[in-house]
Amino acid sequence: MIDLAAVRAEAEIAARAAGDALMRLFNQPHMFNYKTSDRDFATEGDHAAEAVILKLLRALRPDFGVVSEESGADAAAAAAAYTWHIDPLDGTINYAAGLPLFATSIGLADAAGQPVVGVVYAPALGMLFSGAKGMGATLNGEPIRVSETETLDRALMVTGFSYDRHLLADNNLAAWNRLLMQTRDLRRYGTAALELALVAAGRFDGMWEKHIHSWDCMAGLLLIKEAGGRVSDYSGVESAALFSGSEIIATNGCVHEALRSALNV
Ligand code: IPD
């Protein structure tokens, strides 16, 4: 077993260093490296932050695998005892537009694919969320807990839409329309990692999304579990589909089943 407190501290250092790199480039004109469509791109910030994180974490933990948004999975990731799931810049569209809702997300999963460490850092907001399995979760060093909202009609929920929504029948629009009427209100921040961290900190009562990736959610899901919340796939189970980001329901626990029912009609 690894020293989770030490690894968590290392992930915090890497996230802060990435945040510094992102902030240095934030108020400058951005480069757009397009990937699958006009809405799916990386900026120089994504690449700079990724380089900083990988250099630090590979030096500190050479035996861990890496799955990172811009460079993909390394050779060690398939068989390593522990694998980092890294989004150097979650919320790239916001970052490119000069909006402060973006974050670096660094999660560590064990060989079973379960998260054991999670750090989400939103440098423009000055918010560093951090947690480790069995050790709780914090925001800027202070313990956090999920909200106590008990009913859907009083819940403030957040969600997102895949970059591939133009190709998907299951594109979240029907669920958005339904839940907009059934909840206190909905938000779409454009950064899944930060949205999940804000559920852990009790700001949002729940988050759902389909078709995202392990690097968007591994850290945030750990934070919610450690802050007393519940995470599952659409069938209610903590499955591989959940931790890979293909199906996420993440809440304070109280509203979990009500949200799950609303999503499964
Ligand atoms: C995106 C954000 C967004 C979500 C997208 C993700 P990126 O991540 O998390 O909220 O709806 O599906 O791809 O590309 O900005 O790192």
Side-chain angles (χ1 to χ4, degrees), residues 15 18-19 21-22 25-26 30-54 66-73 84-107 118-125 127 129 157-168 170-173 175-176 179 186-200 203-204 206-221 223-224 231 241-250 263:
L22 290 171
L25 299 164
F26 184 43
H30 298 294
M31 278 166 26
F32 289 67
N33 297 322
Y34 290 98
K35 298 194 271 188
T36 60
S37 70
D38 282 345
R39 63 170 71 101
D40 183 14
F41 58 85
T43 66
E44 74 298 334
D46 298 69
H47 296 295
E50 186 173 75
V52 166
I53 296 167
L54 294 186
V66 171
V67 178
S68 189
E69 181 172 14
E70 306 311 330
S71 56
W84 296 112
H85 293 261
I86 300 165
D87 192 342
L89 171 50
D90 186 57
T92 300
I93 292 178
N94 288 340
Y95 181 81
L99 296 168
L101 295 171
F102 59 87
T104 293
S105 182
I106 302 179
V119 172
V120 173
Y121 181 42
L125 305 179
M127 298 175 110
F129 304 85
M157 300 280 187
V158 63
T159 188
F161 299 87
S162 165
Y163 288 139
D164 293 337
R165 55 188 172 264
H166 53 295
L167 305 172
L168 297 167
D170 184 12
N171 60 13
N172 202 25
L173 279 178
W176 171 276
L179 279 148
L186 299 182
R187 297 287 181 268
R188 189 278 203 266
Y189 270 20
T191 158
L194 180 59
E195 291 162 357
L196 290 166
L198 289 168
V199 173
R203 272 40 169 212
F204 291 123
M207 183 271 194
W208 83 89
E209 189 160 355
K210 279 189 176 180
H211 312 296
I212 58 174
H213 302 279
S214 63
W215 53 74
D216 297 309
C217 66
M218 193 63 76
L221 292 173
L223 293 171
I224 293 173
V231 298
L242 167 67
F243 296 115
S244 71
S246 64
E247 286 190 6
I248 295 175
I249 301 176
L263 290 171

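As the structure lists them, so they are numbered: ligands from 1, and atoms in each ligand from 1. Along the sequence shown, residues are numbered consecutively beginning with 1. Because the structure is predicted, anything quoted here is derived from the model rather than measured.
Checked against the 6.0 Å centroid threshold, Tyr95 and Phe26 count as a close aromatic pair.
Under the side-chain contact (heavy atoms from CB on, under 4.5 Å) criterion, Tyr163 pairs with Arg39, Asp40, Ile93, sequence neighbours left out. Residues passing the ring pair (Phe, Tyr, Trp, His ring centres under 6.0 Å) test with Trp208: none are found, sequence neighbours excluded.
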Check step by step if side-chain hydrogen bond (donor to acceptor under 3.5 Å, both in side chains) holds for Thr159 and Asn172.
-> CA-CA 9 Å; Thr159 188; Asn172 202 25; 2.9 Å; yes
Decide yes or no on side-chain hydrogen bond (donor to acceptor under 3.5 Å, both in side chains) for His85 and Ser214, but give the supporting numbers first.
-> CA-CA 6 Å; His85 293 261; Ser214 63; 2.7 Å; yes
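Close approach to Ile212 involves these atoms of ligand 1, each under 4.0 Å from a residue heavy atom: 12 (O). Counting the atoms of ligand 1 from 1 in the order shown, those under 4.0 Å from a heavy atom of Phe161 are 11 (O), 12 (O). Which parts of ligand 1 touch Glu69 is read off a 4.0 Å heavy-atom cut-off, strictly below it: atoms 14 (O), 16 (O). Residue Asp216 approaches ligand 1 through these ligand atoms, each under 4.0 Å from one of its heavy atoms: 8 (O), 9 (O).
Protein heavy atom nearest atom 5 (C) of ligand 1, with residue, atom name and distance: Glu209 OE2, 4.0 Å. In this structure, atom 8 (O) of ligand 1 lies nearest to the protein heavy atom Asp90 OD1, 2.9 Å. Ranking protein heavy atoms by distance to atom 15 (O) of ligand 1, first place goes to Gly91 N, 2.7 Å.
Below 3.5 Å of separation, one finds an N or O of Asp87 facing an N or O of ligand 1. Looking at ligand 1, you won't find any N or O of Ser162 less than 3.5 Å from one of its N or O atoms. In terms of N/O distances under 3.5 Å, ligand 1 is approached by Ala192. Considering backbone and side-chain N/O atoms, Leu89 comes within less than 3.5 Å of an N/O atom of ligand 1.
With hydrogens and angles left out, the side-chain atoms of Thr43 and Asn33 include no donor and acceptor closer than 3.5 Å. Under the 3.5 Å distance criterion, with hydrogens and angles disregarded, no donor-acceptor pair is assigned to the side chains of Asp90 and Ser105. Between the side chains of His30 and Glu44, at least one donor-acceptor pair of N or O atoms lies under 3.5 Å.
Contacts between Glu70 and ligand 1, counted as non-hydrogen atom pairs separated by less than 4.0 Å, are absent for every part of the residue. No part of Asp40 comes within 4.0 Å of ligand 1, judged by heavy-atom distances.
Checked by atom type and distance alone, the side chain of Glu195 pairs as donor or acceptor with a backbone atom of Gly190 at under 3.5 Å.
Proximity of His211 to ligand 1 is not established, as no heavy-atom distance is less than 4.0 Å. Under a 4.0 angstrom heavy-atom cut-off, His213 registers as lying outside contact with ligand 1.
Taking CE from Met127 and CG from Leu194, the interatomic distance works out to 7.0 Å, rounded to the nearest 0.5 Å.
Of the options Tyr95, Phe41, Tyr189, Tyr163, the smallest heavy-atom separation from atom 13 (O) of ligand 1 is shown by Tyr163.
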